[in-house]
Student: 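Just passing along the structure, written as structure tokens.
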Amino acid sequence: MSENRQNNNPKQDKPLDGSDQVAVRQAKLDQMRENGVDPFRANWDQTHTSIQAQALLTEDMEDGPEVSVAGRIVAFRLMGKASFLKVLDRDGRIQSYVRKDEIGEEEYAAFKKLDLGDFIGIRGKLFRTKTGEVTVRAKEYRLVSKALRPLPEKWHGLTDNDQIYRQRYLDLIVNEESRERFRTRSQIIREIREFFWDRDFLEMETPMLQSVSGGAAARPFRTHFNALDCDFNMRIALELHLKRLMVGGFDRVFEVGRVFRNEGLSRRHNPEFTMLEAYQAYTDYRGMMELTRSLIQQVSERALGTLQLERNEGDTIDLSGEWREAKYKDLIIDAVGRKDWFDLPKSAKLEKAKELRIEVDPSLEDFEVTNDIFEKVIEHTLIQPTFVTHIPKELCPLAKITEDDSSTIDVFELCINGQEIAPAYSEQNDPAVQRSAFMKQVGEETQELDDDFLLALEHGMPPAGGMGLGIDRLVIFLTKAANIRDTILFPTLRPS
RNA sequence: GGGGGUGUAACUCAGUUGGUAGAGUAGCGGACUCUUAAUCCGUUUGUCGGGGGUUCGAGCCCCCCCGCCCCUACCA
């Protein structure tokens, strides 16, 4: 990739016929250097971006002030004595018009040697073309950075998925929807932060390297710390450390951070993904319900300007107003069509699962069979925002037991777009109950016992509500992405 | 892990019954002072993903391997 083409390339001896585009560009660059022109200038004084420049020329104006723009050449229409080009900067594209009689014969000849993909700076007055497009009429131009490799094809763009993910920069140069999606993602995360700051939360940072990775049941990535000669795990959740902060007295905290789970890849799963978790003292899962709904509504309103999200499937997700609440048990009873479901023996449940055409492993626990029905039959039907409440206590050891029903916990799972987006709990703060819940889990699931966390709980944690939200999945439905990889700039791939 | 699909020029793709590689874009040379995928004339470029096999002959058929995509499984 980086071998010295000037000296080692045997093709250099042959006349350049255009067959090796990189060699042609390299030769142009060498020629420039010989002529004393620096193809990688230290800087260019950019006074306006494309959008800022376009805003200067209002409808009623024929021409406008002088501006200096800069960016990558993404369209190049050369003619004998005048040319049009489009320059891409962080805001978008702007057209420029370059005339031989205005920049001089020599400069124009050099201008025609530029390539698609080169970075250029242009200074000149704004004017409007016959077709009404705001354009910079070049008084001066400079190549500011040479591109040695050509861009993907201009019309079809870049469609090879592997290349889109491995060379994301090409995707971003060529595919506007992609550029727009990641711009929106950044805006979404910014709005999430604003929301919590406005509510007096502190943004905290907790360790990614942990000796015990708790807070969820997932296989961790393991690594080794040489200095201490011991193994560490990458974190799988933020929960247990943020709760330590609650113990410490920071009683409104949140964190947006990467978590790592050593599990499969799919359209909805990437091994590293971005999680939001928030904890607030003196509230409970009902308070988290209001918080979560307001958060998503505010983010959608501000980042997208709407609460009505059209889906690729043709229907619309309506985020406005109050959101539906449904008890887990009611959804199950509805789906299986039996009121006595929870009194049935496991064998009858397995049989019913078969009827519903779900593959269920007979060695599963009773509650796991039920939960399979939830995940495989119900979850994907919950397109409109739905808080699923009163979930069986076996499914989560970190929440408080419901007061009038000891079989369930005070939690909700928010489902939107047929996916679980955000769970929230009334957080368990009784160290003894917490310990026994952990003990039951250890062994059967992969949740690790974190004694240090239990020690913290024994010092007392205020009553609190907590929630977690998978940001990538939020971005999926807010941007109509088809795949989690379209919301992660550099998704995990097999090394090439 | 299982099933299906796919890999051809820098990019997007076509390639017939097995007969020796093609288009558009990009590039190169030329014409052109309002283009919008600019246009017009001329023109270069291939380890057909890799390896093996069948055959007089393989991009095409068979086997093995690799990458990618979809479904499925795993997955709080």
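FYI, side chains are in, hydrogens and waters are out, and symmetry mates aren't considered; it's all heavy atoms of this structure. Within every chain, numbering begins at 1; the chains are lettered A, B, ... in the order of the sequence lines, protein sequences first and strands thereafter. Model, not experiment: these values are computed from the prediction.
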Student: Suppose we call two aromatic rings close when their centres sit under 6.0 Å apart. Are A:Tyr108 and A:Tyr141 close by that rule?
Tutor: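 Judged by ring-centre distance (under 6.0 Å), A:Tyr108 and A:Tyr141 do not meet the cut-off.
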Student: Would you indicate, yes or no, if B:U12 has its OP1 or OP2 atom less than 4.0 angstrom from a side-chain nitrogen or oxygen of A:Thr159?
Tutor: yes
Student: Could A:Lys352 and A:Trp341 be counted as a cation-pi pair, given that NZ or CZ must be under 6.0 Å from the ring centre and within 45° of the axis?
Tutor: no
Student: Does a side-chain N or O from A:Asn483 land closer than 4.0 Å to OP1 or OP2 of B:C70, or not?
Tutor: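 Indeed, a polar side-chain atom of A:Asn483 lies that close.
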Student: Between B:C34, B:U33, B:A37, which nucleotide gets closest to the side-chain atoms of A:Arg77?
Tutor: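 Among the listed nucleotides, the one closest to the side chain of A:Arg77 is B:A37.
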Student: Of the options B:A10, B:C74, B:U35, whose atoms approach the side-chain atoms of A:Arg219 most closely?
Tutor: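 Of B:A10, B:C74, B:U35, B:C74 is nearest to the side chain of A:Arg219.
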Student: Does a donor on one side chain and an acceptor on the other come within less than 3.5 Å for A:Glu375 and A:Asn371?
Tutor: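 Note: A:Glu375 and A:Asn371 side chains meet the donor-acceptor criterion.
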Student: Expressed in angstrom and rounded to an integer, what is the separation of A:Arg268 atom CZ from B:C70 atom P?
Tutor: 11 Å
Student: Identify which nucleotide among B:C68, B:C11, B:A37 has an atom closest to any side-chain atom of A:Arg485, counting heavy atoms from C-beta outward.
Tutor: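 Of all the options, the side chain of A:Arg485 is nearest to B:C68.
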Student: Output the single nucleotide from B:U35, B:C11, B:G67 whose closest atom is nearest the side chain of A:Asp162.
Tutor: B:G67
Student: Both distances under 3.5 Å, Watson-Crick or G-U wobble: report the partner of B:G57, or none.
Tutor: none
Student: Closest-nucleotide mapping onto RNA chain B: is A:Gln95 or A:Leu158 further toward the 5' terminus? I mean the 5' end.
Tutor: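 Residue closer to the 5' terminus by nearest nucleotide: A:Leu158.
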Student: In whole Å, what separates the C1' atom of B:U72 from that of B:G15?
Tutor: 33 Å
Student: Between B:A37, B:C34, B:C11, spot the one nearest the side chain of A:Tyr97, thanks.
Tutor: B:C34
Student: Please give the distance between the C1' atoms of B:G51 and B:G7 as a whole number of Å.
Tutor: 16 Å
Student: For B:G1, give the paired nucleotide (Watson-Crick: N1-N3 plus N6-O4 or O6-N4; G-U: N1-O2 and O6-N3; both under 3.5 Å), or none.
Tutor: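 Here B:G1 is engaged in a pair, and the nucleotide opposite it is B:U72.
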Student: If you compare every side-chain N and O of A:Arg267 against the phosphate oxygens of B:C71 (OP1, OP2), does one of them come in below 4.0 Å?
Tutor: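 A:Arg267 to B:C71 OP1/OP2: side-chain N or O found under 4.0 Å.
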Student: Taking the six-membered ring for Trp, is the centroid-to-centroid distance between A:Tyr165 and A:Phe490 below 6.0 Å?
Tutor: no
Student: Given that both distances must come in under 3.5 Å, which nucleotide forms a Watson-Crick or G-U wobble pair with B:G7?
Tutor: B:C66
Student: Taking atom C1' of B:C74 as reference, at what distance in whole Å does atom NE2 of A:His269 sit?
Tutor: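 In whole Å, B:C74 C1' and A:His269 NE2 are 9 Å from each other.
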Student: Nearest of B:A26, B:C68, B:C34 to any side-chain atom of A:Thr129?
Tutor: B:C34
Student: Checking all strands, does A:Lys86 fall into the base, sugar-phosphate, or nothing category for heavy-atom contacts under 4.0 angstrom?
Tutor: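 Counting heavy atoms under 4.0 Å across all strands, the contact made by A:Lys86 includes a base.
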Student: A:Lys28 side chain N/O closer than 4.0 Å to the phosphate oxygens (OP1, OP2) of B:C28?
Tutor: yes
Student: So which one's nearest nucleotide on RNA chain B is more toward 5', A:Pro152 or A:Thr131?
Tutor: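 Mapping each residue to its closest nucleotide by heavy atoms, the 5'-most match is A:Pro152.
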Student: When you compare B:A73 with B:U20, how far apart are their C1' atoms, in angstrom units rounded to a whole number?
Tutor: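 Going atom to atom, C1' in each nucleotide, I get 45 Å.
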Student: Could you give the distance separating B:C61 and B:A26 at their P atoms, to the nearest angstrom?
Tutor: 34 Å
Student: Side chains of A:Gln26 and A:Asp30: any donor to acceptor distance under 3.5 Å?
Tutor: yes
Student: Of the candidate nucleotides B:C70, B:U35, B:A10, which contains the atom at the shortest distance from the side chain of A:Pro150?
Tutor: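 Among B:C70, B:U35, B:A10, the one nearest the side chain of A:Pro150 is B:A10.
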Student: If we take the P atom in both B:G3 and B:C64, what is their distance in whole Å?
Tutor: 12 Å
Student: Give a yes-or-no answer on whether the side chains of A:Lys243 and A:Asn429 include a donor-acceptor pair shorter than 3.5 Å.
Tutor: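 There is no such pair (donor and acceptor under 3.5 Å, judged by atom type) between the side chains of A:Lys243 and A:Asn429.
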Student: Can you check the distance between B:U12 and B:G19, where both ends of the measurement are the C1' atom (answer in whole Å)?
Tutor: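 My reading of the C1' atoms in B:U12 and B:G19 gives 28 Å.
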Student: State whether A:Phe342 and A:Lys329 meet the cation-pi test: NZ (Lys) or CZ (Arg) under 6.0 Å from the six-membered ring centroid, and within 45° of the perpendicular axis.
Tutor: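 Relative to the ring axis of A:Phe342, which defines the angle, A:Lys329 lies inside both limits.
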Student: Regarding A:Leu170, tell me which of base, sugar-phosphate or nothing describes its non-hydrogen contacts under 4.0 Å with the strands shown.
Tutor: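 Here A:Leu170 touches no strand at all.
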Student: Under a 3.5 Å cut-off for both distances, is B:C28 Watson-Crick or wobble paired, and to whom?
Tutor: B:G42
Student: Please report the distance, rounded to the nearest Å, between CG in A:Leu78 and P in B:C32.
Tutor: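 Whole-Å distance recorded here is 13 Å.
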Student: Between P on B:U35 and CZ on A:Arg93, what's the gap in Å once rounded to a whole number?
Tutor: 18 Å
Student: B:G67 phosphate, OP1 or OP2: any side-chain N/O from A:Arg166 under 4.0 angstrom?
Tutor: no
Student: For A:Gln167 and B:C68, what is the distance between atoms CD and C1' respectively, to the nearest whole Å?
Tutor: 14 Å
Student: Between A:Asn371 (CG) and B:C75 (C1'), how many Å, whole number?
Tutor: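 Taking atom C1' of B:C75 as the reference, CG of A:Asn371 is at 12 Å.
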Student: Taking pairing as Watson-Crick or G-U wobble with both contacts under 3.5 Å, can you name the mate of B:A21, or confirm there isn't one?
Tutor: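 B:A21 is paired with nothing.
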Student: Would you mind reading off the distance between A:Asp101 atom CG and B:C34 atom C1', rounded to a whole angstrom?
Tutor: 13 Å
Student: Checking the side chain of A:Asp20 only, and the main-chain atoms of A:Ala23 only, is there a donor and an acceptor separated by less than 3.5 Å?
Tutor: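 A pair under 3.5 Å: yes.
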Student: Base, sugar-phosphate or nothing for A:Glu133? Non-hydrogen atoms, less than 4.0 Å.
Tutor: base
Student: Using the C1' atom as the point on both nucleotides, what is the distance between B:C13 and B:C32, in whole Å?
Tutor: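 These two C1' atoms come out 31 Å apart once rounded.
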Student: Name the nucleic acid region contacted by A:Phe374, choosing base, sugar-phosphate or nothing; use a 4.0 angstrom heavy-atom cut-off, strictly under.
Tutor: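 Touches nothing.
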Student: Using atom C1' of each nucleotide, how far apart are B:C65 and B:G24 to the nearest Å?
Tutor: 34 Å
Student: Choosing from B:A76, B:C69, B:C34, which nucleotide comes nearest the side chain of A:Asn161?
Tutor: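 Nearest listed nucleotide: B:C69.
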Student: Rounded off to whole Å, could you give me the CE-to-C1' distance for the A:Met79 and B:C40 pair?
Tutor: 14 Å
